[in-house]
Amino acid sequence: MSEPVPGVRLLHDAPLKSRNTFGVQARAAVLAEVADTAALATVLALPEFAGRAPLVLGGGSNLLFAGDPDAPVLALTGQGVRVLADDGDRVVVRADAGVTWHGFVMHTLAQGWCGLENLALIPGTVGAAPIQNIGAYGVEVREFVHTVEACEPATGTIHRLDAAACAFAYRDSVFKHQPDRFIVTAVEFALSRTPALKLDYAGIADEVAAMGITQPTAQNVADAVIAIRRRKLPDPAVLGNAGSFFKNPIVAQAQADALLAQHPDMPVFRGNDAATRKLSAAWFIDRCGWKGHRDGDAGVAPTHALVLVNHGGASGRQLLDLAHRIADSVHERFGVAIEPEPRVIGASW
Ligand code: FAD
Ligand code: EPU
């Protein structure tokens, strides 16, 4: 067993149930909690870590442990937030990877810095936000990412990636394509004191109006998003889940048109570019009759067809089996392949 490293908590045979929002059982042979990224190089050189890309674990809200992780697990717990530049309107603010995302959003709004309001109440950490380019209510985080600071464990090099280098797309980035290449240590965001509110996504304008507000602030928009999310999505503290289990499929326009001809009520959104369309995985799953379905403790939320839930004792394997049956039924009925959004650990999709 390794010597203690200052600022690092090293745990062996660590339970992961409370570290993933599905609340499934898994164990890490070794888990290091690192508060100061200056200690990263020392941790990565420990015998338990040496030569192996770690699994970086944030809030565990976009992961499914279908088995124990083979890799050593790393959790960054740094809580630093500081302003790097401020010209009176535009602010560049840096947050450590370990900062809670929702807390950070609330902090920026309290300072009068606008931009992240539609992304309120997304669980997890700042460090994970660029991994899948988190998005909600018509906004994606890529619009506000200035720089992602990341350590490459294989070489120890510290990289500073601008938004273009991150190759962001819908639920996608360079980090998703090379999941073991980077440890995101901090993210710098460019925000503005001038609000540019986005109220056009279904439900937000109505929610704001129902709150009796005619001239909304960014904080009002965040409050509306929070209210809608609380109604639609189960709280992981009450019912284990990882948000949307499947990504919305992006298909060629011709395939979307053919499906639309058969199903005129099918929702269709713009894809990553003008030649593609984003379809609604929730709509397909709902039409296949899965909403509220339950197999033992593995199920589909009664309030949202895209959310797989753990009613208590489901294993990651049981949730993965259910996900496969759902995806197979959608493919059989609509000819559309749907893929998981969370990273599946200990099994392949
Ligand atoms: P984890 O689940 O711990 O990790 C997710 C992935 O990121 C893993 O591959 C992990 O290895 C990697 N990772 C994490 N931190 C780092 C790091 N520092 N460096 C390198 N890799 C890292 N997502 C949305 O986009 N929009 C939503 O509206 C949304 N709503 C949700 C609602 C609920 C109720 C839940 C449970 C989840 C929701 N999610 C949503 C998914 C999830 O909250 C986000 O993807 C979030 O960014 C994951 O953060 P995390 O810290 O929990 O990451
Ligand atoms: N729908 C159904 N049945 C349902 C739920 C939804 O048919 O049970 C249909 C409705 O037609 C609805 C459409 O699906 O209009 C879209 O539903 P919703 O607005 O809830 O959005 P979503 O596509 O299901 C996406 C993100 C969410 C994000 C919301 C709000 C993905 C995979 N999911 O959900 O992100 O919060 O939009 O912007 O893109 C997550 O990634 O974990 C997540 C929760």
Side-chain angles (χ1 to χ4, degrees), residues 16 19-22 34 37 53-65 69 71 73-76 78 96-102 118-141 148-151 153 170-171 173 175-176 178-187 201-204 225 228-230 232-250 265-269 278-287 290-292 300-307 309 338-345:
L16 299 174
R19 293 178 188 260
N20 74 94
T21 60
F22 263 126
V34 178
T37 51
L55 167 68
V56 190
L57 184 59
S61 64
N62 214 22
L63 289 168
L64 176 62
F65 286 114
V73 177
L74 184 70
L76 300 180
D96 286 347
V99 172
T100 299
W101 175 257
H102 178 64
N118 295 48
L119 302 177
L121 211 65
I122 297 180
T125 54
V126 164
I131 305 301
Q132 73 158 7
N133 174 28
I134 54 170
Y137 297 93
V139 173
E140 291 183 335
V141 77
V148 174
E149 183 190 87
C151 166
Y170 165 68
R171 297 294 189 270
S173 72
F175 309 106
K176 280 214 105 168
Q178 298 173 293
D180 293 329
R181 178 158 174 214
F182 293 110
I183 299 167
V184 172
T185 48
V187 184
Y201 193 94
I204 300 190
V225 166
I228 298 170
R229 294 182 66 98
R230 287 210 166 115
K232 277 194 177 182
L233 296 169
D235 177 354
V238 178
L239 187 59
N241 75 91
S244 301
F245 192 85
F246 295 98
K247 291 182 283 190
N248 286 326
I250 299 207
D265 59 334
M266 181 185 82
V268 180
F269 307 93
K278 184 157 71 180
L279 306 180
S280 166
W283 189 87
F284 290 131
I285 296 168
D286 207 342
R287 292 309 169 280
W290 290 103
K291 195 152 141 179
V300 178
T303 50
H304 205 300
L306 204 45
V307 180
V309 294
I338 54 172
E339 291 176 356
E341 180 186 288
R343 179 167 174 189
V344 178
I345 307 286

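Note that ligands are numbered from 1 as they come in the structure, with each ligand's atoms numbered from 1 the same way.
The atoms of ligand 1 that sit less than 4.0 Å from any heavy atom of Ala136 are 28 (O). Contact atoms of ligand 1 toward Thr125: 49 (O), 50 (P), 51 (O) (distance under 4.0 Å to a heavy atom of the residue). Those atoms of ligand 1 that come under 4.0 Å of a heavy atom in Asn62, given as number and element, are 2 (O), 5 (C), 41 (C), 42 (C), 45 (O), 48 (C). Residue-ligand proximity, Phe246 to ligand 2, at heavy-atom distances under 4.0 Å covers atoms 32 (C). Close approach of ligand 1 to Ile183 (heavy-atom distance below 4.0 Å) involves ligand atoms 19 (N). Set against the non-hydrogen atoms of Asn248, the atoms of ligand 2 under 4.0 Å away are 23 (O), 31 (C), 32 (C), 39 (O). Close approach of ligand 1 to Gly124 is summarised as follows: ligand atoms under 4.0 Å from at least one heavy atom of the residue are 49 (O), 50 (P), 51 (O), 52 (O). Applying the 4.0 Å criterion to heavy atoms of Tyr170 picks out, from ligand 2, the atoms 31 (C), 32 (C), 39 (O). In summary, the atoms of ligand 2 found under 4.0 Å from a heavy atom of Lys232, numbered by their order in the structure, are 18 (P), 19 (O), 20 (O). In summary, the atoms of ligand 2 found under 4.0 Å from a heavy atom of Gly243, numbered by their order in the structure, are 42 (O). Each of the following atoms of ligand 2 lies closer than 4.0 Å to a heavy atom of Ala136: 36 (O), 38 (O). Atoms of ligand 1 lying under 4.0 Å from at least one heavy atom of Gly135, given by number and element, are 24 (C), 25 (O), 26 (N), 27 (C), 28 (O). Atom numbering of ligand 1 starts at 1 in the shown order; those under 4.0 Å from a heavy atom of Phe182 are 20 (C).
Relative ring orientation between Tyr201 and Tyr137 is described as perpendicular, the plane-to-plane angle rising above 60° on a 0-90° scale split at 30° and 60°.
Atom 13 (C) of ligand 2 has its closest protein heavy atom at Ser280 OG, 3.7 Å. Of all protein heavy atoms, the one closest to atom 42 (O) of ligand 2 is Ser244 N, 2.8 Å. The shortest contact between atom 36 (O) of ligand 2 and any protein heavy atom is with Arg229 NH1, 3.5 Å. The nearest protein atom to atom 6 (C) of ligand 2, hydrogens excluded, is given as Ala282 CB, 3.5 Å; this is a heavy-atom distance. Protein heavy atom in closest approach to atom 8 (C) of ligand 1: Leu63 CD2, 3.8 Å. Nearest protein heavy-atom contact of atom 38 (O) of ligand 2 is Tyr137 N, 2.7 Å. The nearest heavy-atom contact from the protein to atom 15 (O) of ligand 2 is Pro267 CG, 4.9 Å. Among all protein heavy atoms, the one lying closest to atom 35 (O) of ligand 2 is Arg171 NH2, 2.9 Å. Of all protein heavy atoms, the one lying nearest to atom 20 (O) of ligand 2 is His304 NE2, 2.7 Å.
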Given Asp265 and Arg287, is the side chain to side chain contact (heavy atoms under 4.5 Å, CB included) satisfied, shown in steps?
CA-CA 11 Å; Asp265 59 334; Arg287 292 309 169 280; 4.1 Å; yes

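At least one heavy atom of Gly60 sits closer than 4.0 Å to an atom of ligand 1.
The two residues Glu140 and Asn133 come nearest to each other via the heavy atoms OE1-ND2, 3.1 Å. Scanning both residues, Ala242 and Asn62, for their nearest heavy atoms gives O-OD1, 3.9 Å. Nearest heavy-atom pair, Ala281 versus Phe246, reported as atom, atom and distance to 0.1 Å: CB-CB, 4.3 Å. Closest heavy-atom contact between Arg229 and Ala120: CD-O, 3.4 Å. Between Val141 and Ala129, the closest heavy-atom pair is CG1-O, 3.6 Å. Of all heavy-atom pairs between Leu55 and Ala71, the closest is N-CB, 3.9 Å.
The one candidate from Ile338, Val268, Asn248 that meets the side-chain contact (heavy atoms from CB on, under 4.5 Å) condition with Leu279 is Val268.
Looking at Tyr201 next to ligand 2, an N or O pair under 3.5 Å apart turns up. The shortest N/O to N/O separation between Ala305 and ligand 2 falls below 3.5 Å. At a 3.5 angstrom cut-off on N or O pairs, Asp286 counts as close to ligand 2. Every N/O-N/O distance between Thr21 and ligand 1 stays at or above 3.5 Å.
Looking at Asn241 against ligand 1, both its backbone and its side chain come within 4.0 Å, counting heavy atoms.
Using a distance-only test at 3.5 Å, with no hydrogens or angles considered, no donor-acceptor pair links the side chain of Thr303 to the main chain of Leu233. Judged by distance alone, the side chain of Asn241 and the main-chain N or O of Pro234 form a donor-acceptor pair under 3.5 Å. With hydrogens and angles disregarded, a donor-acceptor distance shorter than 3.5 Å links the side chain of Trp101 to the backbone of Leu119. No donor-acceptor pair closer than 3.5 Å links the side chain of Asp286 to the backbone N or O of Ala305. A donor-acceptor distance shorter than 3.5 angstrom exists from the side chain of Arg171 to the backbone of Gly135, with no hydrogens or angles considered.
Distances from atom 30 (N) of ligand 1 to the heavy atoms of Glu140, Arg171, Arg229 put Arg229 nearest. Selection from Val184, Val225, Leu239 by nearest heavy atom to atom 19 (N) of ligand 1 gives Val184. Closest heavy-atom approach to atom 3 (O) of ligand 1 among the candidates Pro236, Ala129, Gly58: Gly58. Of the candidates Ala97, Ala120, Ser61, the one placing a heavy atom closest to atom 37 (C) of ligand 1 is Ser61.
Counting heavy atoms from C-beta on, the side chains of Leu16 and Pro69 come closer than 4.5 Å. Between Ile131 and Lys176, the closest side-chain pair of non-hydrogen atoms falls below 4.5 Å.
Atom CG of Asp96 and atom CD of Glu149 lie 8.5 Å apart (nearest 0.5 Å).
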